[in-house]
Amino acid sequence: MKKLWKNFTYNIRSMRTQVFIILVCVGLIPLVFLFNIISNAYDSQLLSQRKDEIQSYGTVISNLITTSGYLSGHESNEVDSEADEIANVYQGRIMIVDKDLTVVKDTYGLEEGKTIISTEVVKCLNSGPDGNYLNTIGDYQQLTMPIINSSDGEVIGVIIISYSTKSIFNVSKVVTHKLIFILLGIIVCILIFSFIYSIVLTKPLNKITESINDIAKGDMDNKIDIHGYSELVTISDSFNRMIDVIQNQNNSRQEFVSNVSHELKTPLASMKVLSDSLLSQEGMPEEIYREFLVDITTEIERMTQIINDLLSMVKLDKNSAQMIISNISINELLEQLLKRLRPIAAKRNIELIFESFRPVMADVDDVKLSMAFNNLIENAIKYNYDEGWVRVTLNADHKFFYVTVQDSGVGIPEELQNNVFERFYRVDKARSRETGGTGLGLSITRSVILLHRGSIKLYSKEKEGTTFTVRIPLNYIA
Ligand code: ADP
């Protein structure tokens, strides 16, 4: 029972039912009104025509009466026969009443000589030449009209003409039946049209629902292809874009997992080779043991580095990254970084230069920003030639501060410049491994800069050097 009710309310609330009901109402209500108006107008038109006819006959009789002196006691066959004929043709009755309210002529022959007291007759006698009165009594209409003396315009009597309206209503009934027939035809057409239209209109929505269900089941290859209403085309386009984004995220997640596994497998494999060869040969000199263990430690350090970078990256994930903002001197931050990196650069005789154009104070997360600039300067040293140089500059305007890290190093080929910010991407894998690179550094740097609502750009020429330009707002925009 509950399920039935649920189904019922679902169907009533469904767009298809509502569109159907609206279309039916919009089509039918005006039609029914129109039908009523047409049939009423037709009836009243017929009645008014009949009244005009009767009135003109009444005028003819009235003229005959005045010219023949019928009301002064003269007999007139013309008046009698005209009255009888008209009464006959219209299945009615004609009474001629004189000024004293005495019925002079009654085509039924029932009231002749009797006095008639009726409001219409009295009113008609007193009201002058235009005093016509029309009453409706069942299927009959009764027209009371004055008889005017043509010489002095005086009302000398009254003609009462009753006539049947049955024939009129019979004609109108036939017409109404035909109209109802046409109306039913139109109603059926409207119902069929509304039904088909409501299905056509909601079909694309069903298609979208099916696609969403397919995606929920994991089938991402399903794209929606909808033509027709522009709103629905927009929905399907947005939907397809959303599928693309989900698919890309899925792919990059898979790629990421496989990259991580691969990166961790390499040091594990070399550790296994090292320890296997130690185990397989007995009585090896202690120096060899030591050498192999040093190698194993190097691999462990590398794994630790990868895991640390991964952890930093997870922390920087846009949704979970918490920014701890404070107003600090960027000059000091860069000077401290360079101080720490100077010994590493010195090992390869690389000159570290810092140029600051002005003191800069900015709202930044100093831990994260240190990590970002550290990666850039470390790379500039790592991918440099011995005896080379690294130049770091700091400048600012009223809105942003700008840091450039320029080196005289190996450079990055133009076609690969867009890729270096991707996770685990390395231009020269062997060199990067040698220098302890994980391929995560620039990706972390870019995330940090984006979290500061800043931007990073790269200019590089192979074998000449690379320049990274960073722009960050002085005031943090949450
Ligand atoms: P890695 O840990 O390998 O250094 P990064 O994400 O920091 O990873 O850098 C990605 C790749 O971009 C590096 O492997 C290197 O090939 C290239 N790269 C980064 N910085 C520089 C630079 N200053 N000069 C030349 N190549 C660079």
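Values below: every heavy atom of this structure, side chains too, minus hydrogens, waters and symmetry copies. In each ligand, atom 1 is the first atom listed, and ligand 1 is the first ligand listed.
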Considering only heavy atoms, which of Thr438, Val427, Thr467 lies nearest to atom 16 (O) of ligand 1?
-> Val427
Is any N or O atom of Val410, backbone or side chain, closer than 3.5 Å to an N or O atom of ligand 1?
-> no
Under 4.0 angstrom from ligand 1, any heavy atom of Gly409?
-> no
Using distance alone, with no hydrogens and no angle criterion, decide if Thr17 and Asn11 have a side-chain donor and acceptor under 3.5 Å apart.
-> no
Under 4.0 Å from a heavy atom of Ile412: give me the atoms of ligand 1 that qualify, with their elements.
-> 18 (N), 25 (C), 26 (N), 27 (C)
Side chains of Leu201 and Arg16: does their closest heavy-atom pair fall under 4.5 Å?
-> no
Look at atom CZ of Phe239 and say whether more than 12 heavy atoms of other residues, nucleotides or ligands are closer to it than 6.0 Å.
-> yes
Would you kindly specify which portion of Val405 sits under 4.0 Å from ligand 1, judged on non-hydrogen atoms: side chain, backbone, both or neither?
-> neither
Heavy atoms of other groups near Glu332 CD, more than 12 under 6.0 Å = no
Between the side chain of Arg453 and the main-chain N/O of Ile477, is any donor-acceptor distance below 3.5 Å?
-> yes
Compare every heavy atom of Leu232 with every heavy atom of Leu205, then report the nearest pair and how far apart it is.
-> CD2-CD2, 3.8 Å
Could you see which bit of Tyr425 sits under 4.0 Å from ligand 1, with heavy atoms only: side chain, backbone, both or neither?
-> backbone
Please confirm whether Asn375 comes under 4.0 Å of ligand 1, counting heavy atoms of the residue only.
-> no
Does Arg426, backbone or side chain, put an N or O under 3.5 Å from an N or O of ligand 1?
-> no
For the side chain to side chain contact (heavy atoms under 4.5 Å, CB included) test, which of Thr466, Val403, Val390, Ile456 pairs with Leu376?
-> Ile456
Min heavy-atom dist Lys382 to ligand 1 below 4.0 Å | yes
Which one holds for Thr466 and ligand 1: side chain close, backbone close, both close, or neither close, with close meaning a heavy atom under 4.0 Å?
-> side chain
Heavy-atom count around Tyr90 OH within 6.0 Å, excluding the residue itself: above 12?
-> yes
Ligand 1 atoms in contact with Gly439 (distance to a heavy atom under 4.0 Å) | 1 (P), 2 (O), 3 (O), 6 (O), 8 (O)
